[in-house]
Amino acid sequence: MQARKLIIILLLGVAIAAGLALALRNAGEPAAPLAATILPAGNDLPDFALVDQDGQPVDRTVFEGQWDLVFFGFTHCPDICPATMTVLGQAKRELEAEGRQPLPRVVLVSVDPERDTPEAMARYVAYFGDGNLGLTGELDELGKLTNALGIFFQKAGSDDGAYGVDHSTVVLVIDPQGRLKALFTAPHDVANLVHDLPLIMADE
Amino acid sequence: MRRLLVMCLFVAAAVGCGSPEGPPVVAANLVVTAPGAGMPMAAGYLELSNQSGKDVRINRVSSPEYGSVEMHETVVEDGIARMREIPELEIADGDTVVFERGGKHLMLMQPVGTPETVTLNFYSDDVLLLSVSAEFTASFD
């Protein structure tokens, strides 16, 4: 009877020790992202020439010096583009409320440069928050950026001015060295962004 | 998402709003995004329930505040968002169709002036099935 008790006590002790060891090991691991795909090395951006919402020419260096959340959309998009811009703005505000620094910049790259003039982009991006950046320009220059990043866009519908544009819904994270560092696929969620962005931005 | 009370304004006389039979199509949770600066169009979201006792077909939506209103659907496949017009919307008797973000939605184009409220009229051919009205949401929140 004594031997049986001893065996039970030993087994319990081993189980508790194993549990503690596992907990200690996990405590040392970095938190995993909930939604983002992180590219550890970071991918350099291609050369391109676009204009910002002030009509100023920009190239790849516009993405250097800050973290950027980049979405490709257009101002005549009534549903998924404003919804995504709103989610990105909310995530930025929540990160700010948590005291996180630095905060990422929200960038909209137009996939409809035919209608999205710098003036239209300026009004649009300002609607979703301060400090946002809007880029537009010539189609061939836009293509240099989208092709390198795997972004799809294609005009759809009629040519009477009421057309839409099919486009990728991914949100790209560009690091301060101007490298593609991570991406979020749709559907986009504020909580996931707020959880994952500090993890991504800690790995500069 | 802020939800607004939908006000039934008018329904075709044969199955009129407030008639003993009740309205054929009932709207709920209407939200119309405010057309902010730089946004050339607005989006509308709501739920449409068919309580008519028969299947209905909506093939036209109009608004006095907009030159054009179309039913659209955003479909995201393989990470690509594709928006397509819905020329006709069939709602089976007893069914509810939901217009929501990232799915079916109303696209309101060519605003007339700077409207503060919006009225939406849903038709089957030339028969007005339902008219609803709401204020805009303050933003896309």
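In the text below, chain A, chain B and the rest are named by the order of the sequence lines, each starting its count at 1.
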Above 12 or not: heavy atoms from other molecules or residues under 6.0 Å from [atom1] of [X]?
X	atom1	answer
A:D140	CG	yes
B:E85	CD	yes
B:E116	CD	no

Is any side-chain heavy atom of B:M83 closer than 4.5 Å to one of A:P78?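 They are in side-chain contact.
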So, the side chain of A:T169 versus the backbone of B:G79: is there a donor-acceptor pair under 3.5 Å, distance only?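 Yes: the side chain of A:T169 pairs with the backbone of B:G79.
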Just verifying a value: how many Å separate [X] [atom1] and [Y] [atom2], rounded to the nearest 0.5 Å?
X	Y	atom1	atom2	value
A:D79	B:R101	CG	CZ	8.0 Å
B:D78	A:F152	CG	CZ	10.5 Å
B:H72	A:C77	NE2	SG	11.5 Å

With a 4.5 Å cut-off on heavy-atom pairs, point out which of A:S168, A:A122, A:A186 contacts chain B the most.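 Looking at each of A:S168, A:A122, A:A186 in turn, A:S168 comes out on top.
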So if I apply the side-chain contact (heavy atoms from CB on, under 4.5 Å) rule between B:R82 and each of A:D166, A:V165, A:I80, which one comes out positive?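 Of the listed residues A:D166, A:V165, A:I80, the side-chain contact (heavy atoms from CB on, under 4.5 Å) partner of B:R82 is A:D166.
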Restricting to non-hydrogen atoms, name the atom on A:H76 and the atom on B:M41 that form the minimum distance, rounded to 0.1 Å.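 Closest approach of A:H76 to B:M41, heavy atoms only: O-SD, 2.9 Å.
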